Amino acid sequence: MENNTGKPWVELGLTDYEYEMIKEILAREPNYVELGMFSVMWSEHCSYKNSRPVLKTFPTEGAQVLEGPGENAGVVDIGDGLAVAFKVESHNHPSAIEPYQGAATGVGGIIRDVFTMGARPIALLNSLRFGTLSSARSRYLFNGVVSGIAGYGNCIGIPTVGGEVYFHPSYEGNPIVNAMCVGILEHKDLAKGVASGVGNPVMVVGAKTGRDGIRGASFASEELNEASEEKRPAVQVGDPFMEKLLMEACLELIKTGYVVGMQDMGAAGLTSSSCEMASKGGTGIEMDVALIPRREKGMNPYEIMLSESQERMLVVPMKGKEDEVQSIFRKWGLDAVVVGTVTDDGILRIKEGEKVVAEIPAKGLTEMCPVFEREAKMPEKLAEIQKCNLMELPEPANYQKTFLDLLSRPTIASKEWVYEQYDYMVGINTVVRPGADAAVVRVKGTKKGIALTIDCNSRYVYLNPYVGGKIAVSEAARNLVCTGAKPLGVTDCINFGNPEKPEIFWQFKEAARGIGEACRALNTPVTGGNVSFYNETKGEAVFPTPTVGMVGLIEDIEKVCTLNFKNQDDIIYLLGENSDELGGSEFLVMYHGLEAGMPPDLDLEKEIALQECTLKLIKEGLINSAHDCSEGGLSVALAECCLAGGMGAQIRLEESTLRPSSLLFGETQSRIIISVSRESADKVKAMAQSHSLAISKLGVVQGKSLVINGNSFTINLTLNEIEARYKGAIPCLMKG
């Protein structure tokens with residue numbers, strides 16, 4: 001397997017510098033099995049060697065945080081001895097090569113991360129990005145990814161309750177597929193991925209090991225090119241029915257109290273699970289690969305250690321409880337085999353029968369990985385793009401046509417074509433369905449609800465990574481607040497290009513700075529996540545995409561708030577202020593063909609006031625609906641409120657000094673549309689004033705049309721006309 005340099009480590013993705021480090025750690029030359037183990041564990045996907053210093057700047061602690069970064073999933077307290085485990089991860093490169101299996105196994109992996117913590121998964125979300133739907137390849141990837149997500153989630157019986165889908169040419173060759181899972185657990189059942197207790201057995205449980213996914217972690221740590229199609233074997237194959245059995249067996253096992261540690265075999269398979277558990281426990285593990293159940297003949301130690309076959313776990317139970325563990329897994333029709341023991345020497349020792357095939361300090365694969373401080377430089381063209389004068393652009397000739405065209409943009413249009421393929425009601429806990437600001441699921445046996453969302457506007461991050469990072473967090477929190485949920489914590493999936501390019505690393509650092517600042521201001525610590533670099537095709541990077549997943553708590557599910565207008569003659573108000581901003585807007589791209597200017601400004605003090613006021617209004621039952629203004633601006637948000645409730649609205653917008661295009665289609669931040677009964681109007685206005693929050697009357701809920709009048713424009717459309725454009729756009733484009 002040597003390349004033409006005669007250096008097998010280069011073929012495996014390691015540099016000369018890293019190879020010399022490996023020799024120092026081992027005090028000798030590595031053999032090929034050891035080299036393979038180092039190559040996957042020192043890949044960016046597993047090691048975070050390019051991102052670790054930046055990630056350490058995130059706030060990770062808070063009174064609500066039970067487990068932060070470093071475990072399989074973050075865990076936050078929701079009171080009464082209950083907690084929420086949640087995590088988001090990427091499966092971008094596999095989905096670009098094999099969209100169905102790439103997406104399906106991404107879902108499977110994130111589910112395992114959650115139930116490994118002792119939590120029963122209750123909901124799935126996803127954040128997806130593709131090229132334009134005019135491209136046959138993008139349609140193929142989009143269809144395959146959605147089918148893969150649906151196929152896996154529907155089969156395992158976990159509802160897919162929310163997410164987002166964006167379309168942009170930068171994702172043409174490299175889609176972004178981020179999967180998020182949320183689970184509920186009791187504090188007493190919290191499990192960790194640690195190998196402790198010298199002499200305790202090490203067991204492989206679940207599916208048999210095959211050759212699929214070998215070196216998948218390394219594949220995820222390089223740019224895509226013409227040769228990437230040849231790496232289909234690096235894409236794992238999932239079996240959701242097997243995963244369902246594994247989940248039930250693992251949760252039953254955790255309830256026994258016999259588990260010392262449990263770790264998913266995700267990226268880097270048996271290598272990562274064993275060395276990470278030993279490293280965290282300050283122990284070693286000795287393991288015999290000849291004992292590992294296999295589904296293919298002739299597998300060698302290299303293949304076994306690097307296989308990423310799905311639906312497998314590494315478990316360290318208490319010594320003497322092996323029979324009980326095997327009995328539980330046998331009941332679920334699964335393997336549970338003792339393959340080794342926990343040792344006290346800190347060494348990961350891999351044997352094949354009596355022959356030692358690899359002997360590496362466990363921390364050598366984890367903590368001793370090189371960490372790089374990359375050069376960061378603002379892209380030369382960005383300053384020019386930001387300074388683009390947007391104030392002198394001509395106004396639309398026909399605002400009503402522009403509004404309808406905007407509703408038809410795939411990024412804005414209804415994603416019903418997507419979520420109708422998902423089973424979002426399985427388990428009958430879904431209270432607020434896909435298509436809202438945030439999904440809401442009930443916590444069985446309590447009055448509580450959990451609100452869930454996943455957000456990022458990549459164009460904002462492209463134009464100003466720092467501001468875009470702040471907006472990603474703030475919008476996620478705002479979406480939760482619109483349901484009546486208090487935001488608790490963040491899991492993020494950082495999707496960028498090649499970090500070795502100074503311009504890309506600058507984007508990453510600046511976005512992280514914005515994320516960290518917003519998380520501190522909103523008290524939403526980062527509990528974990530995933531970094532996905534090298535999202536490039538032929539040297540061209542995707543738009544920077546730091547996806548933010550967030551969970552929030554609704555104390556009383558009966559008080560959940562939704563976006564739909566509910567009562568004729570309710571008064572419609574805007575909380576927050578309009579401003580003359582078009583930078584980064586979908587309108588600017590659609591009508592003027594420009595991705596330029598600065599993204600909308602974000603004042604965190606105003607954002608906090610908006611969120612606190614909205615939460616209080618919902619808690620006191622003073623408002624009937626709430627909806628965040630985001631892509632498409634005020635006009636699109638109003639249309640969504642109307643369509644969701646089947647009720648029209650009569651709106652009057654005062655233009656004052658604002659251009660009609662900014663007023664209708666600008667994406668100014670920190671704005672929420674609310675509807676209020678006439679009896680509550682004075683109390684609502686007083687509440688806004690007590691929070692020093694701007695509030696303005698937009699109009700009333702009325703009829704079956706949306707009418708928006710200004711001094712120089714009128715939009716007057718029936719809900720049927722609006723719905724046809726909003727809901728018909730994606731199905732039409734998918735026909736090609």
Side-chain angles (χ1 to χ4, degrees), residues 1 8-9 11-13 30-43 45-46 105 108-109 112 193 195 201-220 231-239 242 246 262-279 284-316 329 334-343 347-362 364-366:
M1 289 209 37
W9 58 91
E11 180 72 24
L12 294 176
N31 63 37
Y32 198 72
V33 175
E34 293 167 334
L35 200 56
M37 292 168 69
F38 273 105
S39 77
V40 290
M41 289 309 299
W42 283 15
S43 68
H45 191 75
C46 289
T105 52
R112 291 195 299 278
V202 176
M203 302 181 72
V204 169
V205 304
K208 290 178 169 57
T209 297
R211 289 189 171 94
D212 53 323
I214 292 174
R215 296 195 68 248
S218 298
F219 170 55
K231 298 187 178 180
R232 283 179 182 266
V235 179
Q236 310 92 327
V237 177
D239 182 346
M242 177 73 76
L246 180 64
M262 182 183 290
Q263 182 82 16
D264 167 39
M265 287 193 215
L270 192 54
T271 295
S272 64
S273 55
S274 57
C275 73
E276 287 172 2
M277 290 184 79
S279 183
I285 286 178
E286 183 171 300
M287 193 161 41
D288 183 356
V289 294
L291 300 174
I292 291 172
R294 281 156 279 180
R295 66 169 185 261
E296 298 181 51
K297 293 181 179 179
M299 290 186 72
N300 60 43
Y302 176 92
E303 293 171 320
I304 294 169
M305 291 304 297
L306 271 63
S307 166
E308 294 183 10
S309 292
Q310 298 290 285
E311 294 85 43
R312 300 178 301 158
M313 291 281 186
L314 198 65
V315 177
V316 176
F329 280 84
L334 298 172
D335 290 324
V337 179
V338 176
V339 298
T341 57
V342 178
T343 62
I347 301 295
L348 180 59
R349 186 173 293 106
I350 309 302
K351 301 172 76 175
E352 187 178 34
E354 293 303 312
K355 180 183 177 184
V356 175
V357 295
E359 205 165 30
I360 306 171
L365 291 166
T366 56

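Everything numeric in this text was worked out from a predicted model, so none of it was measured.
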Going from [atom1] on [X] to [atom2] on [Y], what distance comes out if it is rounded to the nearest 0.5 angstrom?
{"X": "I292", "Y": "I304", "atom1": "CD1", "atom2": "CD1", "result": "6.0 Å"}
{"X": "Q263", "Y": "M313", "atom1": "CD", "atom2": "CE", "result": "8.5 Å"}
{"X": "L365", "Y": "W42", "atom1": "CG", "atom2": "CH2", "result": "8.0 Å"}
{"X": "I214", "Y": "S307", "atom1": "CD1", "atom2": "OG", "result": "5.5 Å"}

Closest contact, heavy atoms only, [X] versus [Y]:
{"X": "V339", "Y": "V204", "result": "CG2-CG2, 3.8 Å"}
{"X": "G238", "Y": "T105", "result": "N-CG2, 3.4 Å"}
{"X": "A290", "Y": "G353", "result": "CB-N, 3.9 Å"}
{"X": "A268", "Y": "E308", "result": "N-OE2, 2.9 Å"}
{"X": "C275", "Y": "M41", "result": "SG-CE, 3.5 Å"}
{"X": "R112", "Y": "Q310", "result": "NH2-OE1, 3.1 Å"}

Quick one, [X] and [Y] - any side-chain contact, counting heavy atoms below 4.5 Å?
{"X": "D335", "Y": "V205", "answer": "no"}
{"X": "L334", "Y": "M242", "answer": "yes"}
{"X": "V289", "Y": "M305", "answer": "yes"}
{"X": "T343", "Y": "I285", "answer": "no"}
{"X": "V316", "Y": "V342", "answer": "yes"}
{"X": "P8", "Y": "Y32", "answer": "yes"}
{"X": "R349", "Y": "M287", "answer": "no"}

Heavy-atom donor-acceptor pair, [X] side chain to [Y] backbone, under 3.5 Å:
{"X": "E311", "Y": "D239", "answer": "yes"}
{"X": "S279", "Y": "E276", "answer": "no"}
{"X": "T341", "Y": "P201", "answer": "no"}
{"X": "N31", "Y": "V357", "answer": "yes"}
{"X": "R295", "Y": "K208", "answer": "yes"}
{"X": "E303", "Y": "N300", "answer": "yes"}

Pairing residues for F329 by the ring pair (Phe, Tyr, Trp, His ring centres under 6.0 Å) criterion, not counting sequence neighbours: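 If we apply the ring pair (Phe, Tyr, Trp, His ring centres under 6.0 Å) test to F329, skipping adjacent residues, there are no hits.
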
Determine, stepwise, if the pair M265 / S272 fulfils side chain to side chain contact (heavy atoms under 4.5 Å, CB included). CA-CA 7 Å; M265 287 193 215; S272 64; over 6 Å; no

Please step through side chain to side chain contact (heavy atoms under 4.5 Å, CB included) for the pair L348 and I350, ending with a clear verdict. CA-CA 6 Å; L348 180 59; I350 309 302; 3.9 Å; yes

Apply side-chain hydrogen bond (donor to acceptor under 3.5 Å, both in side chains) to the pair T209 and R312, showing each step before the final yes or no. CA-CA 8 Å; T209 297; R312 300 178 301 158; 2.8 Å; yes

Take L12 and L35 through the test side chain to side chain contact (heavy atoms under 4.5 Å, CB included) and record every step on the way to the result. CA-CA 8 Å; L12 294 176; L35 200 56; 3.9 Å; yes

Assess the residue pair M37 and L306 against the criterion (side chain to side chain contact (heavy atoms under 4.5 Å, CB included)); give the C-alpha distance rounded to whole Å, side-chain angles, the decisive distance to 0.1 Å, and a yes or no. CA-CA 7 Å; M37 292 168 69; L306 271 63; 4.1 Å; yes

